[in-house]
Amino acid sequence: MNHNLKHLHPYPFAKMATLLADSKPANGYSEIKLGIGEPKHEPSAFVLDVLRENLDKISRYPTTNGMFELRQTIAHWLEKRFFLNHVDANTQVLPVMGTREAIFSFVQAVVDHDVADKESNSLASDTSPTVIMPNPFYQIYEGAAILAQATPYFVPCTSDNGYKGDYRAVPKDVWMRTQLLFVCSPNNPTGAVMTMDDWEYLIRLSDQYGFIIASDECYSELYFDTAPIGLLQACAALGRRDFKNCIVFHSLSKRSNLPGLRSGFVAGDAKILQAYLQYRTYQGCAMPIPHQLASIAAWQDEKHVAHNRALYQEKFALWMSELGELLELRMLMLGFTFGSKCLSSSMVMMKSLSKRCMSKPIFMHWQDVICHVKLMVIILDKVMCVSLWSRVSMRAEKQSVVSANY
């Protein structure tokens, strides 16, 4: 067995299940599970219709790079959404079976130990490939780095840096051995959004040190007023139409309430995607044709996405009206996250909140509106984030000031 498996940390939801094992809803009330955070809004009927109408195509092998029609649809969506002049559907877009598998496999494909070995004669004491990621983070970032035999480096997202991470505080020797930087914008769970200045700084660092920027933008369509800027959009604004060393990940899971479709895409630097496509050819993870056709329908429609955002806005308004005073809730920058000052950073608070909420009569009328919202409490720099989508982990490392007790 791969000896690196022993270095993987337990998935956070196993810990959460243990913590809440003794928590039961009051008699007469349904349990609101604090689970993985999958969407509970109904998928659009027109997408499911396309899926059903093309089930006969399940008898055909799909190609690894997907149908041209899907790639073209995605390219057009990127151009419209992020104000891009042109995205090449043949070289700059690659459909994937959900971004979870794509993020993991991408790390395996891009981490280069030969480069690290060539640098082993340098004065640096540690020349192992490094993957930088925000803290807290989506646990796949870390697990993928570990199994690629790279070293994860965590950048704390705290109130002092607007919950975006202070990349200027990363030591030069870390940048020198960095091969991949993960950014999540809008960030899960902090709700922080990268600005043009933020993106430009990281792009300049990428030019200086040669690392790849991987932007996890799976929450880009869950916003309130203004759509957040993306990495490719920042590249275009800087005149970098080749998106050099820049890659983005997008998904239909949150945007279109289709997590079970396992449909997303990777886009950006054509040179990187060419090599990644070769890797995926051997990995054998191609999207079934019925899923591709349903994905085309989903990416071509924005009405259901706007309706989805409106439903979440209703839920947030209800949370504020019912729990705003109890938890002193405040809206964070963007994304579907609440923040609240808390006196304790222990898991006892999470368990207490769970019990209190489950026994409150307000859950009777929440059944029709919000009973399916997934709630997870994360202690972050003395701020309690109540997120509808949290699928994250935190690490307390020697270079990080962030700690977690769950």
Side-chain angles (χ1 to χ4, degrees), residues 2 4 7-8 92 94 96 99-135 137-156 165-185 194 198-217 231-232 234-235 240 242-249 266-280 282-283 395 397 399-400:
N2 187 332
N4 291 299
H7 299 302
L8 296 178
Q92 294 178 319
L94 184 59
V96 296
T99 52
R100 178 174 180 170
E101 67 87 2
I103 287 171
F104 180 86
S105 60
F106 185 77
V107 177
Q108 314 312 306
V110 304
V111 169
D112 189 348
H113 288 273
D114 287 342
V115 172
D117 290 341
K118 291 177 182 178
E119 296 175 349
S120 62
N121 294 325
S122 69
L123 296 178
S125 59
D126 184 0
T127 58
S128 61
T130 295
V131 177
I132 295 180
M133 60 199 70
N135 189 16
F137 57 93
Y138 182 29
Q139 196 157 353
I140 301 304
Y141 305 159
E142 180 194 46
I146 290 173
L147 291 179
Q149 299 186 63
T151 301
Y153 183 92
F154 306 102
V155 177
D166 183 5
Y167 295 99
R168 289 172 172 80
V170 176
K172 180 179 179 180
D173 67 296
V174 174
W175 287 123
M176 289 180 65
R177 62 179 185 267
T178 295
Q179 296 189 7
L180 179 63
L181 164 66
F182 274 112
V183 180
C184 185
S185 180
M194 297 287 284
D198 295 330
W199 283 127
E200 183 174 3
Y201 179 74
L202 293 182
I203 290 170
R204 299 308 180 200
L205 281 176
S206 172
D207 287 343
Q208 181 178 355
Y209 295 104
F211 59 81
I212 296 170
I213 303 175
S215 180
D216 182 350
E217 300 180 3
L231 175 57
L232 300 189
C235 287
R240 304 166 64 97
D242 61 349
F243 310 128
K244 180 182 178 181
N245 280 341
C246 292
I247 295 293
V248 297
F249 295 82
V266 183
D269 187 326
K271 184 178 180 180
I272 294 174
L273 289 184
Q274 181 182 19
Y276 181 46
L277 173 60
Q278 182 181 22
Y279 178 94
R280 293 183 64 80
Y282 283 86
Q283 182 191 18
R395 290 284 172 266
E397 300 292 337
Q399 85 275 5
S400 172

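What's counted below: heavy atoms across the whole structure, side chains too, no hydrogens, waters or symmetry copies.
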For Glu101, all residues meeting side-chain hydrogen bond (donor to acceptor under 3.5 Å, both in side chains), sequence neighbours excluded: Arg280
field: Taking every non-hydrogen atom, the tightest pair across Ile103 and Ala144
entry: O-CB, 4.4 Å
- prompt: Sequence neighbours excluded, which residues qualify as ring pair (Phe, Tyr, Trp, His ring centres under 6.0 Å) partners of Tyr141?
  reply: Tyr138, Phe182
message: Using the ring pair (Phe, Tyr, Trp, His ring centres under 6.0 Å) criterion, which residues pair with Phe211? Sequence neighbours excluded.
response: Trp175
message: So, taking the atom named CG in Leu277 and the one named CD in Gln283, what distance separates them when rounded to the nearest 0.5 Å?
response: 11.0 Å
- request: Please identify each residue that fulfils side-chain contact (heavy atoms from CB on, under 4.5 Å) with Leu8, with sequence neighbours left out.
  value: Leu5, Ile146, Leu147
side-chain contact (heavy atoms from CB on, under 4.5 Å) involving Ala275 - partner list, sequence neighbours excluded: none
message: Which residues pass the side-chain hydrogen bond (donor to acceptor under 3.5 Å, both in side chains) test with Asp242, not counting sequence neighbours?
response: none
task: Check whether any side-chain heavy atom of Leu180 sits under 4.5 Å from a side-chain heavy atom of Val111, and report yes or no.
output: no
query: For Ile203, which residues count as a side-chain contact (heavy atoms from CB on, under 4.5 Å) partner, sequence neighbours excluded?
result: Asp207, Ile213, Leu231, Ala234, Cys235, Leu238, Arg240, Cys246
- request: Using the test salt bridge (charged side-chain N to carboxylate O under 4.0 Å, His left out), find all partners of Asp198 that sit at least two apart in sequence or belong to another chain.
  value: Lys164
message: Once side-chain hydrogen bond (donor to acceptor under 3.5 Å, both in side chains) is applied, do any residues pair with Ser215, and if so which ones, sequence neighbours excluded?
response: Glu217
